[in-house]
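All values below were derived from every heavy atom in this structure, side-chain atoms included, with hydrogens, water molecules and symmetry-related copies excluded. Labels below follow one simple rule: chain letters A, B, ... track the order of the sequence lines, proteins then strands, and each chain is numbered from 1.
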There are 2 protein chains.
Amino acid sequence: METSKESGKNALIEYIEQYMPLTSEEKSSLEGLNLFREYKKGEVLLKEGAYSKETYFVLKGCLRSYYIHDAEEITTEFYTELEGVSPACSQTDEASEYFIDCVEDSLVSVGTQDMEEDMFQKFPRFESLCRILSEKLLLKQQTAMVNYKTSSPEQRYLQLMETNPGLVHRVPQYQIASYLGIKPESLSRIRKRIMQKAFSAHHH
Amino acid sequence: METSKESGKNALIEYIEQYMPLTSEEKSSLEGLNLFREYKKGEVLLKEGAYSKETYFVLKGCLRSYYIHDAEEITTEFYTELEGVSPACSQTDEASEYFIDCVEDSLVSVGTQDMEEDMFQKFPRFESLCRILSEKLLLKQQTAMVNYKTSSPEQRYLQLMETNPGLVHRVPQYQIASYLGIKPESLSRIRKRIMQKAFSAHHH
DNA sequence: GGTGTTTCTTAACCAAAGTCAACGAGAGTA
DNA sequence: TACTCTCGTTGACTTTGGTTAAGAAACACC
């Protein structure tokens, strides 16, 4: 569908321009090299053990990264509209330790390491941008860690509901559970507890 | 003590050269701008609310970053020999959300944002290095998060003993406890449990 | 050396998550 | 429609961490 891909390009460029205005030369370079792909729900974009150099930027839909640990999926992150993923393996020459799959039908902009290096070569400002984004992400990750350490599973669930209420409905519960670091049964009980509290509060 | 500061300079340069060989011009620039400071155990290098632009690189001793959350210290990281810290506030124009203090008497190389920008200006390769280090750190943080989610407090303590056995003796237990995301009492119990297991295994 | 503070340990009790097992609702398929 | 598979829920029971309170041990400072 050409129209959604067109708007995809604009979304990507607008995203970058939040941080740094682009010259028209830079824009056309970006448009030239970016590749838009559509994935179906359940498709796996990156497999454990792969040496992929691809990076992803979600234009529509939802991706998810997860490890398999003792035969169980551990979801580490969800990526929705206007969020990007640069998997570890795309930067390290090592096999990926985790998977990325598609939670729902999605439109994704796919980049490669080669393209990235070309862009750094041609437009050194992009390397600055990447450093800044990477540092931003690091901060986000650090505060996420503190948050995780200082709150109970129930609090974490409530926080998720607040910061990203849609996610709970887009994503299967067992994926949310492992994302919160608990078992699906526990999440079920937590939800029940919350409902009961809400109910009795209602009766005050 | 001049001798320890001299060896400090070398340690810093050797550290950087792990990632990128330096020209003598780059080395002398680095030597020129780096500032070595000695801190006493318990000294606070960065306070919550401060707008510090300093970054630290530990040459000897041990630093520690921590939040104060509900009047309790939450230790987020320990930094020992040849590890660096770039606090969030040194990059964001915002007040620091956390503290950094000194776990034991330490020798630290202190940098500032201005110095950093000068260096990026003079030697653009430094910005590449910083991007790479920042991405490295991000990966480390991400795997730390997965590890944290997939293991119990007891397992986390055992992991810490394996990966960093010295730390447990250098640092007060209550700081280790909050680093592991538990209360000091629980850590005490965990240690006891582990001792008992080791003992009964001995008798097999 | 004594005094007080900080750190660590222990115990008793409670709340919450893990485990195991069973059941049920819904989607997809034959 | 009946069968299957996945996902979510529930219950009984176990394990573990949080809480509170008390004491012991280590440390620092006079």
Side-chain angles (χ1 to χ4, degrees), chain A residues 40-44 62 64 66 68-75 78 101-105 148-161 167-200, chain B residues 40-44 62 64 66 68-75 78 101-105 148-161 167-200:
Chain A
K40 289 270 166 231
K41 173 177 173 177
E43 261 189 271
V44 176
C62 179
R64 159 188 166 251
Y66 60 99
I68 293 201
H69 188 269
D70 299 337
E72 264 185 294
E73 291 181 6
I74 310 293
T75 298
F78 298 102
D101 75 359
C102 211
V103 174
E104 34 183 56
D105 294 359
Y148 192 93
K149 274 191 194 172
T150 58
S151 56
S152 67
E154 177 168 338
Q155 290 172 318
R156 290 199 290 271
Y157 180 70
L158 289 169
Q159 279 172 28
L160 183 65
M161 295 277 281
L167 207 62
V168 180
H169 303 110
R170 291 170 81 167
V171 171
Q173 303 256 346
Y174 75 95
Q175 291 178 9
I176 301 275
S178 78
Y179 178 66
L180 295 175
I182 56 178
K183 302 285 160 192
E185 297 94 323
S186 296
L187 180 54
S188 207
R189 274 182 304 214
I190 286 171
R191 283 158 55 83
K192 196 181 175 188
R193 247 185 355 240
I194 291 171
M195 296 290 276
Q196 285 172 346
K197 281 183 199 167
F199 181 74
S200 60
Chain B
K40 289 271 163 227
K41 172 176 175 177
E43 261 188 90
V44 176
C62 179
R64 159 188 167 249
Y66 60 100
I68 294 201
H69 188 269
D70 298 338
E72 265 185 292
E73 292 181 5
I74 310 292
T75 298
F78 297 102
D101 75 358
C102 212
V103 173
E104 36 184 55
D105 294 359
Y148 192 92
K149 274 191 196 171
T150 59
S151 56
S152 66
E154 177 168 336
Q155 291 172 318
R156 291 200 289 272
Y157 180 70
L158 289 169
Q159 278 172 29
L160 183 65
M161 295 277 281
L167 207 64
V168 181
H169 303 109
R170 292 171 80 168
V171 171
Q173 304 257 343
Y174 75 95
Q175 292 179 7
I176 301 276
S178 78
Y179 178 67
L180 296 175
I182 56 177
K183 301 288 160 190
E185 297 92 324
S186 297
L187 179 54
S188 211
R189 269 185 308 216
I190 287 170
R191 285 158 54 84
K192 196 180 174 185
R193 260 201 322 259
I194 291 172
M195 296 291 276
Q196 285 170 347
K197 280 181 197 167
F199 181 73
S200 61

Separation of atom [atom1] in [X] from atom [atom2] in [N], rounded to whole Å:
X	N	atom1	atom2	result
B:Leu187	C:dT10	CG	P	12 Å
A:Tyr174	D:dT6	OH	C1'	9 Å
A:Leu180	C:dA17	CG	P	11 Å
A:Tyr157	D:dG8	OH	C1'	12 Å
B:Gln155	C:dA17	CD	P	18 Å
B:His169	C:dC8	NE2	C1'	14 Å
A:Ile176	D:dT9	CD1	P	12 Å
A:Arg156	C:dA16	CZ	P	14 Å

Checklist outcome for this item: Scoring nucleotides 19-30 of chain D by protein non-hydrogen atoms under 4.0 Å (B base, S sugar-phosphate only, - none) yields BB----------
Checklist entry - Quick one: what's the B/S/- string for nucleotides 24-30 of chain C, heavy-atom cutoff under 4.0 Å, read 5' to 3'? => result -------
Checklist entry - Listed by chain and number, what are the salt bridge (charged side-chain N to carboxylate O under 4.0 Å, His left out) partners of A:Glu43, not counting sequence neighbours? => result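 Per chain and number, A:Glu43 pairs via salt bridge (charged side-chain N to carboxylate O under 4.0 Å, His left out) with no residue.
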Quick one: closest heavy-atom pair of [X] and [Y], and the distance?
X	Y	result
A:Ile176	A:Val168	CD1-CA, 4.2 Å
B:Ile190	B:Pro153	CD1-CB, 3.8 Å
B:Tyr66	B:Val44	OH-CG2, 4.5 Å
B:Val103	B:Pro172	CG1-CD, 4.5 Å
A:Cys102	A:Glu104	SG-O, 3.1 Å

Next on the checklist: Can you give me the bend angle of the helix from C:dG1-D:dC30 to C:dA30-D:dT1? Use the axis through the first five pairs and the one through the last five, nearest 10 degrees.
Outcome noted: 40°
Checklist outcome for this item: The complete set of salt bridge (charged side-chain N to carboxylate O under 4.0 Å, His left out) pairs with one or both residues in residues 151-160 of chain A, sequence neighbours excluded, reads A:Glu154-A:Arg193, A:Glu154-A:Lys197
Next on the checklist: With salt bridge (charged side-chain N to carboxylate O under 4.0 Å, His left out) as the rule and sequence neighbours excluded, what pairs involving residues 173-191 of chain A come up?
Outcome noted: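 Of all non-adjacent pairs touching residues 173-191 of chain A, those that pass salt bridge (charged side-chain N to carboxylate O under 4.0 Å, His left out) are A:Glu72-A:Lys183.
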Checklist entry - Is the phosphate of C:dT9, meaning OP1 or OP2, less than 4.0 Å from a side-chain N or O of B:Arg193? => result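 Answer no for this pair, as no side-chain N or O of B:Arg193 is under 4.0 Å from OP1 or OP2.
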Next on the checklist: Please tell me if A:Arg191 has a side-chain N or O lying less than 4.0 Å from either OP1 or OP2 of D:dT10.
Outcome noted: no
Item to check | Pair A:Asp105 + A:Lys40: basic N to acidic O under 4.0 Å | outcome: yes
Checklist entry - Does B:Tyr179 reach the side chain of B:Gln175, with side-chain heavy atoms less than 4.5 Å apart? => result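 A side-chain contact is absent here, since even the closest heavy-atom pair is not under 4.5 Å.
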Item to check | Closest to the B:Ile182 side chain, choosing from D:dT10, D:dG18, C:dT9 | outcome: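 In terms of side-chain proximity for B:Ile182, the closest of D:dT10, D:dG18, C:dT9 is D:dG18.
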Checklist entry - Just by distance, do the side chain of A:Tyr148 and the backbone of A:Leu180 share a donor-acceptor pair under 3.5 Å? => result yes
Checklist entry - On DNA chain C, nearest-nucleotide positions of B:Lys192 versus B:Gln173: which is more 5'? => result B:Gln173
Next on the checklist: Please report the interatomic distance CD(B:Glu73) to CZ(B:Arg64), rounded to the nearest 0.5 Å.
Outcome noted: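 These two atoms lie 4.0 Å from each other.
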